[in-house]
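Scroll down for the structure; my scribbles are underneath it.
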Amino acid sequence: MIALRPILSVLGFLYAALATAMLVPAMVDVASKNADWQAFVFSAFLTSLAGTLLALAMRGTLRRGLNMRQTFVLTVMAWVTLPAFGSLPFLWLGIGYADAMFEAVSGFTTTGATVLEGLDSLPPGLLVWRSMLQWMGGAGIAIMAVVLLPFLRVGGMQLFQTEVADRTEKIVARSVQHIRLIAGCYLLLTFACALAYVAAGMNTFDAVNHAMTTVATGGFSTRDASFGAFAEMPAVVWTSVFFMILGALPFVLIIQTLRGRPLQLWSDPQVRAFLVFMAVVTLGLTVHLGGTQDLVFHEAFRKAAFTVVSITSTTGFVLTDYQAWGSAVAGLVLMLCFVGGCTGSTCGSIKIFRYQVFFGTVRSHLRKMVRPNRVTPEYFGRTRLTPELSFSVLSYLIVYIGAVGAVTLALSVFDLGAMTSFSAAASAIANIGPGLGPVVGPGGSYAAVPDGAKWVLSAAMLLGRLELLTVLVLLDRDFWAN
């Protein structure tokens, strides 16, 4: 059996860190003379108590590090249990348990779907906590994508295994340097984004909150209208577009760029494909909006760029209700839900590199159909696509599409309608936020969704964030065997 004591020890430290973070919105509420600070202090006490007891009870068990199977279990347990503690402030403030968990899961997974309404008038501490959930979740996602998933060989992520990886399957020691670099880069981008928002015209409170959720590609906003509240401030909109793109790029390459190697970004095949794809789709949508919505070029271009980048990067900010642009645009947005940004970023969804591997595999197969004896190797950058790598990616794509179908079927039980069920399922698993339709669309809220459907969507958000296979492997009997 897998030794759980080291896993519980790490979880104890994570809970303690989360409890410390809860004191920030408490101080915000104290500064604004809002009584809701008690919710965060009480939640911090319970969370720190659980974390401290775990850490003390399991002390000394991490000396040998974690092996591969323990890392799988830790990854899943952390993403499932942290939102449970993160939901405590919402519960204290009178929000139902299904809604509280939905909001916390949406925050930690950087999905951005919300059940809260009247954001413009909510206490500042609660708004800060929502933003912090996404910011902490985004940091965890970046670390998971760079340190854990390549090591665990999930869905083709072994392509990005670092050269310094420890082949003895012990990951704790080798993770420290990577975590420090990612955390430093993440902080720097957040700080720069906040400054840029202030310079563009946002007030400081909105700028700090939106900076956290922009860099995390999360999509929580302090306004009911999301970025529609800043639609008449082009500098704010373009600032958001720029930092959403940065959040969708590999953090390792951003670090290398900051170290004086700017060509590293463009030389990466997935970065080139991601940027070219967004540019082409943006230009196409700009032309469409100019011809059908009677918009001048610069306005059409701004709205098109924001929408394409927001959905493709899985941020989920809303500038305007794109459903009003017609069914063709709604179909395009639904398609973009299945794209995603680069691996090693805070993005969700399938991600660009898997499409590159998939199309390379298909191209190789077609060539072999014409000339069976011909050797036709395909490459991702300088890495040759092996049968194992291709199979890993194809397996992930099949499981992904199957998961969207299964969640759609589960949601349809609650009479949400075919389009609402499908778009909500796709959006939840891709960790985007808004779907299509009057209920979960860009102008709606998940508040009206039945509690049962909220639990289904919460599970879907976690599955999508954990890259599906990380969870499914735990269901295999051989995983738990000695």
Side-chain angles (χ1 to χ4, degrees), residues 4-62 73-111 113-116 122-141 143-144 209 212-213 216 218 220 451 454-455 457-459 461-462 465-466:
L4 294 179
R5 290 175 62 85
I7 299 171
L8 295 176
S9 178
V10 175
L11 287 176
F13 287 109
L14 291 176
Y15 298 157
L18 181 65
T20 304
M22 289 177 180
L23 299 178
V24 175
M27 289 187 288
V28 171
D29 272 339
V30 169
S32 61
K33 298 180 180 179
N34 189 294
D36 289 339
W37 63 267
Q38 300 173 56
F40 296 103
V41 171
F42 180 73
S43 301
F45 171 75
L46 290 180
T47 306
S48 63
L49 181 63
T52 302
L53 290 176
L54 268 182
L56 289 176
M58 306 300 166
R59 64 183 182 274
T61 59
L62 268 176
V73 176
L74 171 63
T75 303
V76 175
M77 289 185 67
W79 284 99
V80 171
T81 58
L82 283 171
F85 286 103
S87 69
L88 292 178
F90 298 112
L91 288 171
W92 178 273
L93 295 173
I95 299 172
Y97 191 61
D99 285 352
M101 274 298 294
F102 181 93
E103 197 76 11
V105 169
S106 180
F108 269 111
T109 59
T110 71
T111 303
T114 183
V115 295
L116 300 181
L122 285 181
L126 190 62
L127 294 175
V128 169
W129 181 236
R130 293 170 74 250
S131 300
M132 287 184 65
L133 286 177
Q134 291 206 323
W135 192 77
M136 291 185 292
I141 290 160
I143 291 168
M144 184 175 71
N209 279 277
M212 286 191 283
T213 58
F220 273 162
D451 284 355
K454 288 171 186 171
W455 285 112
L457 289 169
S458 297
M461 288 186 276
L462 287 169
R465 180 44 66 200
L466 288 166

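Quick note: numbers below take in every heavy atom, side chains included, and nothing from hydrogens, waters or symmetry partners.
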Exercise. Distance-only, no hydrogens or angles: does the Asn34 side chain make a donor-acceptor pair with backbone N or O of Pro123 under 3.5 Å?
Worked result: no
For this session: Describe, in one word, how the ring planes of Trp129 and Phe40 are oriented to each other, choosing from parallel (under 30°), tilted (30 to 60°) and perpendicular (over 60°).
Result: perpendicular
Problem set entry | Check: Thr111 and Val105 side chains under 4.5 Å, non-hydrogen atoms | no
Exercise. Does Ser48 use its side chain to pair, donor to acceptor, with the backbone of Phe45 at less than 3.5 Å?
Worked result: yes
For this session: Determine the minimum heavy-atom distance between Ala39 and Pro89, stating which atoms define it.
Result: CB-O, 4.2 Å
Exercise. Is the closest side-chain heavy-atom distance between Asp29 and Gln38 below 4.5 Å?
Worked result: no
For this session: Kindly indicate whether the side chain of Asp451, heavy atoms from C-beta on, has any atom under 4.5 Å from the side chain of Asp99.
Result: yes
Exercise. In Å, rounded to the nearest 0.5 Å, how long is the span from OG1 of Thr52 to CZ of Phe13?
Worked result: 9.5 Å
For this session: Without swapping roles, check the side chain of Thr114 against the backbone of Leu116 for a donor-acceptor pair under 3.5 Å.
Result: yes
Problem set entry | Any Lys454 side-chain heavy atom under 4.5 Å of Met101 side chain | no
Exercise. For Ser106 and Gln134, which heavy atoms make the closest approach, and how far apart are they?
Worked result: O-NE2, 3.8 Å
Problem set entry | 4.5 Å side-chain heavy-atom contact, Asp36 and Leu126 | no
Exercise. Looking only at atom types and distance, does a side-chain atom of Thr110 sit under 3.5 Å from a main-chain N or O of Gly138, one as donor and one as acceptor?
Worked result: no
For this session: Look at the side chain of Glu103 and the backbone N and O of Phe90, then say whether any donor-acceptor pair between them is shorter than 3.5 Å.
Result: no
Problem set entry | CG-CG distance between Leu8 and Leu53, expressed to the nearest 0.5 angstrom | 12.5 Å
Exercise. Which atom names give the shortest non-hydrogen contact between Ala104 and Leu133, and what distance separates them?
Worked result: CA-CD1, 4.1 Å
Exercise. Which pair of heavy atoms, one from Gly125 and one from Val28, lies closest together, and at what distance?
Worked result: N-CG1, 4.0 Å
Exercise. Under 3.5 Å, side chain of Arg130 to main-chain N/O of Leu127, donor-acceptor pair present?
Worked result: no
Seminar exercise, completed: d(Leu82 CG, Thr109 OG1) to nearest 0.5 Å is 12.0 Å
Exercise. Between Phe108 and Trp79, what is the ring plane arrangement, given parallel below 30°, perpendicular above 60°, and tilted in between?
Worked result: perpendicular
Seminar exercise, completed: To the nearest 0.5 Å, atom CE of Met77 lies from atom CG of Leu14 at 11.0 Å
Exercise. Hey, what do you get for CG (Leu91) to OG (Ser43), rounding to the nearest 0.5 Å?
Worked result: 8.0 Å
Exercise. What are the two closest heavy atoms between Trp37 and Ala26, and how far apart are they?
Worked result: CB-O, 3.4 Å
Exercise. Between Ser87 (side chain) and Ala84 (backbone), is there a donor-acceptor pair under 3.5 Å?
Worked result: yes
Problem set entry | Any side-chain heavy-atom pair of Met132 and Met212 under 4.5 Å | yes
Exercise. Is the centre of the Tyr97 ring less than 6.0 Å from the centre of the Trp455 ring?
Worked result: yes
Problem set entry | Steps toward side-chain contact (heavy atoms from CB on, under 4.5 Å) verdict (Met58, Val10) | CA-CA 9 Å; Met58 306 300 166; Val10 175; over 6 Å; no
Problem set entry | Least distance between heavy atoms, Ala100 atom then Ile95 atom | N-CG2, 3.8 Å
Exercise. Do any N or O atoms from the side chain of Ser9 and from the backbone of Arg5 form a donor-acceptor pair under 3.5 angstrom?
Worked result: no
For this session: Measure the spacing between OG1 of Thr75 and CD1 of Ile7 and express it to the nearest 0.5 Å.
Result: 9.0 Å
